[in-house]
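Before any comments, here is the structure.
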Amino acid sequence: HACNEANQHITLSIGLSTYPEDGEDAETLIKNADAAMYQAKEMGHNNYRFYTKEMNVRAIKRQSVEADLRLAMERNEFVLHYQPKISLETGEITGVEALIRWAHPDRGLVPPAEFIPIAEDCGLILPIGRWVLREACRQAKDWMDAGLHVTPVSVNVSSLEFRSGDFIEGLRAILRETGLNPTYLELELTETALMQRAESTPSVLRALKSIGVLLSVDDFGAGYSSLSYLKRFPIDSLKIDQSFMHDITANTDDATIVSAVITMAKSLKKCVIAEGVETEDQINFLQAYGCDEAQGFYFSRPVAAEHFAELLKIGIASFVPHSFSRPRFASVM
Ligand code: C2E
Ligand code: MG
Ligand code: MG
């Protein structure tokens with residue numbers, strides 16, 4: 001595929017099947033190579049896989065998930081859970097991320113990793129994403145109308161949605177419909193999504209900014225970023241990928257990377273937030289390096305909407321920032 005954009009990043013996933021072991025006719029061979037390719041994709045991009053018989057079981061499972069997902073849309077089986085973002089300076093809740101779950105009639109609460117990639121592959125992510133946006137906006141407006149101290153709600157937007165022609169129009173319609181002030185909505189876009197076709201990203205982001213929503217780069221550091229592009233993106237915050245958190249307190253490369261990302265975000269005048277924070281040591285590290293906010297199991301797991309409303313009322317009891325002497329629950333209304 002020829003392209004004239006600089007810094008274009010293309011990844012390749014290859015699936016292989018061999019004659020006659022994996023199929024006696026072209027159709028079977030291609031079908032099996034296809035199953036192998038999906039496996040390669042699931043391992044992360046730039047991989048190859050040879051077909052094995054177990055893959056067919058997976059491919060069939062995948063197809064049934066796809067069919068099930070369509071039904072889930074119709075039957076309204078998706079729910080959003082909410083996880084707070086905490087200011088490391090004041091201890092207050094400064095934001096909340098909406099995270100989708102699938103309340104499956106037989107399988108229970110299915111985590112997004114098990115169905116979002118499939119929804120992305122088959123295009124169902126577009127109606128699902130639209131539902132997530134509408135539901136998150138409706139919920140935020142509801143909390144506001146109930147007199148709760150509301151923070152911006154963040155919604156994950158996948159690359160396919162972000163690049164689809166009618167995303168901005170759909171967003172406008174949802175904001176109109178729900179009556180949510182756009183400054184109370186944040187869109188989280190992964191670093192990888194932003195860097196695909198990075199040339200055209202700034203104009204889409206500017207159009208989104210002109211609506212008034214906040215923009216955040218998710219999973220920062222996990223993919224590839226061109227810093228010269230990053231500088232040109234009108235984004236409000238950077239979320240450091242949770243894969244770096246695990247070892248930061250052990251004075252590893254990860255610690256160096258995290259402190260460098262914090263410094264860089266500050267010099268670009270972006271808010272910087274750490275994901276996947278689970279321990280007090282990690283918080284101490286992040287505070288020492290001036291990280292603005294954090295999100296993770298240490299403060300709260302993602303919880304159902306009713307539970308989150310309670311958190312908005314009482315605050316996060318387990319956390320008292322070192323530098324903070326005022327009463328913590330200043331956000332109670
Ligand atoms: P993400 O946007 O990076 O979300 C953070 C994930 O980390 C969430 O997983 C959250 O539950 C988990 N997490 C939070 N704190 C901790 C912690 O302290 N330790 C650990 N180990 N994990 C923590 P979840 O909810 O399973 O979501 C996984 C991914 O699925 C999200 O990653 C996001 O990429 C995607 N996703 C979730 N909801 C949506 C959605 O509505 N639309 C789209 N397109 N993607 C979504
Ligand atoms: Mg996110
Ligand atoms: Mg993330």
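Sequential numbering from 1 along the given sequence is applied to the chain's residues.
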Report task. To the nearest 0.5 angstrom, please state how far the CG atom of L189 sits from the CD atom of E161. Result -> 9.0 Å
Query raised in the report: Any side-chain heavy atom of P111 sitting closer than 4.5 Å to one from E114?
Result: yes
**Report entry** Gap between atom OG of S158 and atom CG of L126 - 0.5 Å precision
**Finding:** 7.0 Å
Query raised in the report: Would you say the side chains of D121 and Y38 form a donor-acceptor pair under 3.5 Å?
Result: no
Query raised in the report: Between D68 and R75, is there a side-chain N and carboxylate O pair less than 4.0 Å apart?
Result: no
Report summary line: Between Q196 and S159, the two heavy atoms sitting closest are OE1-OG, 2.9 Å
**Report entry** T90 side chain to S87 side chain, donor-acceptor N/O pair below 3.5 angstrom
**Finding:** yes
Requested in this report: Tell me, please, whether F297 has R301 positioned over its six-membered ring: NZ or CZ under 6.0 Å from the ring centre and within 45 degrees of its axis?
Outcome: yes
Requested in this report: Decide whether a cation-pi geometry holds between R101 and F78; the criteria are a distance under 6.0 Å from NZ or CZ to the six-membered ring centre and an angle within 45° of the ring axis.
Outcome: no
Report task. Check whether any side-chain heavy atom of L286 sits under 4.5 Å from a side-chain heavy atom of L88, and report yes or no. Result -> yes
Query raised in the report: In terms of side-chain heavy atoms, does Q282 have a donor or acceptor partner in T249 at a distance below 3.5 Å?
Result: no
Requested in this report: Please tell me if the side chains of D22 and T28 come closer than 4.5 Å, counting only heavy atoms from C-beta onward.
Outcome: no
Query raised in the report: Closest approach of G223 and T192, non-hydrogen atoms and distance?
Result: CA-OG1, 4.2 Å
Report task. Output, in order, the C-alpha distance, side-chain angles, deciding distance and verdict of side-chain contact (heavy atoms from CB on, under 4.5 Å) for Y229 and L194. Result -> CA-CA 9 Å; Y229 277 119; L194 292 173; over 6 Å; no
Report task. For Y289, check ring pair (Phe, Tyr, Trp, His ring centres under 6.0 Å) against everything at least two apart and list the hits. Result -> F285
Query raised in the report: Can you name the closest pair of heavy atoms from A140 and L180 and give their distance?
Result: CB-CD1, 3.8 Å
Report task. Would you mind reporting whether V96 and P84 have side-chain heavy atoms less than 4.5 Å apart? Result -> no
Query raised in the report: Does the side chain of S154 pick up a donor-acceptor pair with the side chain of E186 at under 3.5 Å?
Result: yes
Report task. Would you name the heavy atoms of L312 and H149 that are closest together and state the gap between them? Result -> CD2-O, 3.3 Å
Query raised in the report: Tell me, do D166 and R130 make a side-chain contact under 4.5 Å, heavy atoms counted?
Result: yes
Query - Closest heavy-atom pair and its distance - H81, A304 - result: CD2-CA, 3.8 Å
Query raised in the report: With distance as the sole criterion, is a donor-acceptor pair present between the side chains of Y224 and E191 under 3.5 Å?
Result: no
Requested in this report: Over all heavy atoms of both residues, which pair between F50 and M55 is shortest? Give the atoms and the distance, please.
Outcome: O-CE, 3.1 Å
Query raised in the report: Going from CZ on F244 to OG1 on T252, what distance comes out if it is rounded to the nearest 0.5 angstrom?
Result: 10.5 Å
Query raised in the report: Only one of K269, K266, K239, K270 forms a salt bridge (Lys or Arg N to Asp or Glu O under 4.0 Å) with D292, so which one is it?
Result: K266
Report task. Indicate yes or no: does R70 engage E66 in a salt bridge with an N to O separation below 4.0 Å. Result -> yes
Requested in this report: Drop me the distance from F220's CZ to I273's CD1, to the nearest 0.5 angstrom.
Outcome: 14.5 Å
**Report entry** Proximity of Y184 and W143 rings by center, below 6.0 Å
**Finding:** no
Query raised in the report: Less than 4.5 Å apart, any side-chain heavy atom of T279 and any of N284?
Result: no
Query - L185/L175 under side-chain contact (heavy atoms from CB on, under 4.5 Å): CA gap, chis, key distance, verdict - result: CA-CA 9 Å; L185 176 66; L175 288 166; 4.2 Å; yes
Query raised in the report: Should K85 and E188 count as an ion pair when the cut-off is N to O under 4.0 Å?
Result: yes
Report summary line: To the nearest 0.5 Å, atom CG of D236 lies from atom CG of L214 at 5.0 Å
Requested in this report: Go through the steps to decide whether V79 and W102 satisfy the test side-chain contact (heavy atoms from CB on, under 4.5 Å), and finish with yes or no.
Outcome: CA-CA 6 Å; V79 284; W102 177 6; over 6 Å; no
Query raised in the report: So, R163 versus T201: side-chain donor-acceptor pair below 3.5 Å or not?
Result: yes
Query - Inter-residue atom distance R138.CZ - K141.NZ, 0.5 Å rounding - result: 11.5 Å
Report task. Verify the distance criterion only: is there a donor paired with an acceptor across the side chains of S243 and D241 at less than 3.5 Å? Result -> yes
Query raised in the report: How about N47 and Q39: does a side-chain donor come under 3.5 Å of a side-chain acceptor?
Result: no
Query raised in the report: If we only count heavy atoms from C-beta on, is the R134 to E177 side-chain gap below 4.5 Å?
Result: yes
